[in-house]
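Please read all numbers here as calculations on a predicted model, not as lab measurements. Letters A, B, ... are given to chains in the order of the sequence lines, protein chains preceding strands, and every chain is numbered from 1. Only heavy atoms go into these numbers, but all of them, side chains included; no hydrogens, no water, no symmetry mates.
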Number of protein chains: 2
Amino acid sequence: MSKTLKHEIKADGLIDKGMMLLWSKGYNATSVNDIVKEAGVPKGSFYFYFKSKEDFAIKSIEKYFQQQFGPAFELLDNKTISPKQRLLDLYELRSNILKEQFDCKMGCLGCNLANEMAEHSEAIRNAVHSKTEMIKSKIASVIEEAQNYGEISNTLPAIDLAAFMEDAGRGAMVSMKEMNSAYPIDNFMTIIRSVLLK
Amino acid sequence: MSKTLKHEIKADGLIDKGMMLLWSKGYNATSVNDIVKEAGVPKGSFYFYFKSKEDFAIKSIEKYFQQQFGPAFELLDNKTISPKQRLLDLYELRSNILKEQFDCKMGCLGCNLANEMAEHSEAIRNAVHSKTEMIKSKIASVIEEAQNYGEISNTLPAIDLAAFMEDAGRGAMVSMKEMNSAYPIDNFMTIIRSVLLK
DNA sequence: TAAAAATATGACCACTCGTCTAGTATACAA
DNA sequence: TTGTATACTAGACGAGTGGTCATATTTTTA
């Protein structure tokens, strides 16, 4: 096994554990000590694998999006299903994860960190932003497909509609955490079905 | 001047200064030291005026909503203007404040703190939540008015539509901070005008 | 096998955190 | 003027912060 691979496996273990802390507690409320304790790794090792806490957060953001949105986006590429249905499947999948897997508690790591850190860490802001842009453009292209296919009569520019839906989803996640309830997510699904993707 | 009044004036000064810090930096990134320094008050005094940092945050939330939404809601009560126009005026006012007054940097204190603290402080979660519910129901009642008046043909339950619009607005604020741009807010305005309040 | 490079370790640094106590200043009643 | 109650504050407290480093151990290379 190559050195760099072994190195990456170790670093990945740290990220796996630390990501959950960052996700549920936020950046400032998660200490490096919390992370190494959770991963069962000595403190000194942390700074062998990561340049800083900020560097760790950025690597966690990258892993998070890859892990959470990789499978979700495979849905969007399945050409045997109509474009509109693919969009609905994507949102359905994401909202079920939010509701069931995490009990309406965590929201989205990217959104959480963007909200907490955008003003204070340009690096974190950029890390989230570039992923978000990628997601928006993927969704926009399927919306456009559905519009051309005649499945969505809404004539708004696809990229604006995609941006709006993603924003609405983000807000629904904030409210979900605030209300401790799945209502905002369910309401989001109802309204994109009945109004936005009509 | 009565003692309790003097007391409240002093406490209010602390809140005025500290609220801006809480708003722009978040809860965990704002220290009690920051707050007292900004207000020019000795550190020891902080705990004379407030039970704890959490208590301070809750009082700040209350003042924030009263200050920010008081004038905005007067718009909603002006019966000389049609209900739909009142809604658009409200959102126009709020988005202009976000864009111009704070340079797309701060977002909403309530939303910021809900996102950061909902899981970790039940008291803060409740403080924001109760204000949010009040706002939603005010907006819902004007939507209902507009629906009855025939100005809004959208037949969704007013309360669900209000909740969705507020959530979409929250998400737009998160994205505004993340992108450092007014686009999410402008896009929000365009879509509520052309789709949701149609 | 020996030398060299990579990795592991936890004590430690300087600093900041939220909180609290012991005390000083002030106002007012006697 | 004095005594007392209230209003206020300085500074210390213990805990915790992100980060460093000398040293120890393991792995690779020669």
Problem set entry | Short side-chain N/O contact to D:dG16 OP1/OP2 from A:Ser31, under 4.0 Å | no
For this session: Can you tell me the distance, in whole Å, between the NZ atom of A:Lys51 and the P atom of D:dT20?
Result: 11 Å
Problem set entry | Length of the NZ-P vector between B:Lys53 and C:dT19, whole Å | 8 Å
Problem set entry | Nucleotide of D:dC8, D:dG19, C:dC20 approaching A:Tyr47 most closely (side-chain heavy atoms) | D:dG19
Exercise. Between C:dG18 atom P and B:Met117 atom CE, what is the distance in whole Å?
Worked result: 11 Å
Exercise. On a plain distance test, is the side chain of B:Lys43 in donor-acceptor contact with the base of C:dT19 below 3.5 Å?
Worked result: yes
Problem set entry | Separation of D:dT20 C1' from A:Phe50 CZ (nearest whole Å) | 18 Å
For this session: Assign A:Ser45 to base, sugar-phosphate, or nothing according to its heavy-atom contacts below 4.0 angstrom with the strands shown.
Result: base
Exercise. Hey, does B:Phe164 have a side-chain heavy atom less than 4.5 Å from the side chain of B:Leu156?
Worked result: no
For this session: Could you state the atom-to-atom distance from CZ of A:Phe56 to P of D:dT17 in whole Å?
Result: 15 Å
Problem set entry | For atom CZ of B:Phe48 and atom P of C:dT21, their distance in whole Å | 16 Å
Exercise. Looking at A:Leu109, A:Ile15, A:Leu22, which one forms a side chain to side chain contact (heavy atoms under 4.5 Å, CB included) with A:Tyr64?
Worked result: A:Leu109
Problem set entry | A:Asp55 side chain to A:Ser52 side chain, donor-acceptor N/O pair below 3.5 angstrom | no
Exercise. For D:dC8, does either OP1 or OP2 sit under 4.0 Å from a side-chain N or O belonging to B:Tyr49?
Worked result: yes
Exercise. Within this structure, what is the NZ-to-P distance between B:Lys25 and C:dT16, rounded to whole angstrom?
Worked result: 12 Å
Problem set entry | Salt-bridge present (A:Glu145, A:Lys79; N to O < 4.0 Å) | yes
For this session: Specify the separation, in whole Å, of atom CZ of B:Phe46 and atom C1' of D:dG11.
Result: 17 Å
Exercise. Has B:Asn33 got a side-chain N or O lying under 4.0 Å from the OP1 or OP2 atom of C:dG18?
Worked result: no
For this session: Respond yes when some side-chain nitrogen or oxygen of A:Lys10 is under 4.0 Å from OP1 or OP2 of C:dA8, and no when none is.
Result: yes
Problem set entry | Flag if over 12 foreign heavy atoms under 6.0 Å of NZ, B:Lys63 | yes
